[in-house]
2 protein chains.
Amino acid sequence: MAEPRYQRRKEDRPREIAEAAFEVFAEKGYQAARIDEVAQRAGVSKGLTYLYFKTKEELFKAVIRGVVIRRVDRLLDAVESTELSSEEFLRGPMLEFMKGIPGSRVSVVIRLLMAEGHRHPDLVEYYYDNVVAKGIRTISHFVERGVERGEFRKTAVNDFPQLFIAPMMLSAIWKMLFETRSLDTDRLMETQVDMILAHIKA
Amino acid sequence: MAEPRYQRRKEDRPREIAEAAFEVFAEKGYQAARIDEVAQRAGVSKGLTYLYFKTKEELFKAVIRGVVIRRVDRLLDAVESTELSSEEFLRGPMLEFMKGIPGSRVSVVIRLLMAEGHRHPDLVEYYYDNVVAKGIRTISHFVERGVERGEFRKTAVNDFPQLFIAPMMLSAIWKMLFETRSLDTDRLMETQVDMILAHIKA
DNA sequence: AATATTGCTGACCAGTCAGTCATTAAGGAT
DNA sequence: ATCCTTAATGACTGACTGGTCAGCAATATT
């Protein structure tokens, strides 16, 4: 009749701990995050954290890696499989994707990487290869396809797919730092898309 | 004949300490920065640091505040006093200003603020009022002057001066995280300016 | 030269925290 | 029931560091 003091849940623990860790890292940053607090939020003892993650750094890396991947892949798939015109895709799914970034977990990851990237070069590399480079290639490919289809002209924008996402990055940062001070980030990104389209449409 | 063990230099110490502190904060971030190391780099004992700055946090704030101000004010003055046409100003001094940001101390400050902003809301406010808001107003004013002079059309760009600096922000971040991976940040910013001009020129 | 002033030092303290490990007990196997 | 494996606990340690302060010595004053 005595309640068991805990349950053994080997399968779920790592995910639960990583989930709690993400929250704590998000709030405090890497250095100020306390393993004790991670454990507490996961409803687990500190020792158990160290059973599943050898060090704080490893936990950090696991958490960061776990966040972002699927989102970029979805965009990539959408580009490949869409039946929309390039302009419609830009104004529709692409813009929707970008609007979703500021305020999401992705921007937390950006912050953490900027803050701690120095000391975790392998993490930066992983993130660059699997998120940034992949995303940039996807946009690049999208623009070139537009050119081939005769929808777009060939312009300097072909060389700088970063132009599409620059306002998104600014929006993410703005929201993180200045939440209260008003900036209509959605319309900011829309305006950039308007401008790019006006510039490259055939 | 015995060399004096130290010299008393009340005037210079604070600046020297702040200088060293900037370096250490830049390399390590706020939390991981050690006051001992700051003192060592300033060629000074740890105790002296606490004579001039009451706490680590105060030192941090003093350092951040000391970095950015003059730069933005120079841009503001340049806008007011220039005899160039709006387009010439954009392509000349304005672009030069923006190219100077990534890789400069300013981007270090951006990184530190993103990483530590949470815990220093007054610092964020100070930075917003004296740098961000001021800069945005300056650009806004510049665009509106162009409209009044008949050089520019009135477009959505009037409402989003952030569009001018978004690629600059992306460049700053890119350079910090991915130094090695090539991106011609200067040309990225030029391309944005080209595009904006094409879009708003009367 | 003697005295006063104060910039500066560095040993020290009290608190903190990542990581360890001896121990406990959950729950499957027999 | 009993044993056995191992998930889970949490007290503990050792290293580290922000901040203090009693005293020293470089200069200013007389």
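Per chain, numbering begins at 1; letters A, B, ... match sequence-line order. Computed from heavy atoms alone, side chains included, the values below leave out hydrogens, waters and symmetry copies.
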Touch check for A:Ala33, heavy atoms < 4.0 angstrom, all strands: base, sugar-phosphate only, or nothing? sugar-phosphate

Can you figure out which of C:dG19, D:dA26, D:dA7 approaches the side chain of B:Arg5 most closely? D:dA26

Whole-Å distance separating the CD atom of A:Gln7 from the P atom of D:dT9: 11 Å

Do the ring planes of A:Phe25 and A:Tyr30 sit parallel (below 30°), tilted (30 to 60°) or perpendicular (above 60°)? parallel

Note: for B:Gln31 and A:Gly47 on DNA chain D, the residue whose nearest nucleotide lies more 5' is A:Gly47

Side chain B:Gln192, main chain B:Pro167, donor-acceptor under 3.5 Å: no

So what does B:Phe53 touch, heavy atoms closer than 4.0 Å: a base, only the sugar-phosphate, or nothing? nothing

Is the closest basic N to carboxylate O distance between A:Glu151 and A:Arg145 below 4.0 Å? no

Would you please classify the geometry between the A:Phe142 ring and the A:Phe89 ring as parallel, tilted or perpendicular, with 30° and 60° separating the classes? tilted

Euclidean distance, atom CD1 of residue A:Ile35 to atom P of D:dT13 [Å, nearest integer]: 21 Å

Taking donor-acceptor contacts at under 3.5 Å, does the side chain of B:Lys46 reach the base of D:dG18? yes

Measuring to OP1 and OP2 of C:dG19, would you say a side-chain N or O of A:Arg34 lies under 4.0 angstrom away? no

Ignoring hydrogens and angles, answer whether the base of D:dG19 and the side-chain atoms of B:Lys56 contain a donor-acceptor pair closer than 3.5 Å. no

Tell me the interatomic distance from A:Arg13, atom CZ, to D:dA8, atom C1', rounded to whole angstroms. 8 Å

For the residue pair A:Gln31 and B:Glu116, confirm or rule out a side-chain donor-acceptor distance under 3.5 Å. no

Using only side-chain N and O atoms of B:Tyr6, determine if any of them is under 4.0 Å from OP1 or OP2 of C:dC8. no

Between C1' of C:dT9 and CG of B:Asp36, the distance in whole Å: 13 Å

To the nearest Å, give me how far apart CZ (A:Arg9) and C1' (C:dG28) are. 18 Å

How long is the line joining CG of A:Leu48 and C1' of D:dG10, in whole Å? 12 Å

Under 4.0 Å: is that the gap between some side-chain N or O of B:Arg8 and OP1 or OP2 of D:dC24? no

For A:Gln40 and D:dT9, what is the distance between atoms CD and C1' respectively, to the nearest whole Å? 15 Å

Spacing between A:Tyr50 atom OH and C:dC21 atom P, to the nearest angstrom: 13 Å

C:dG7, OP1 or OP2 - any side-chain N/O from B:Lys10 closer than 4.0 Å? yes

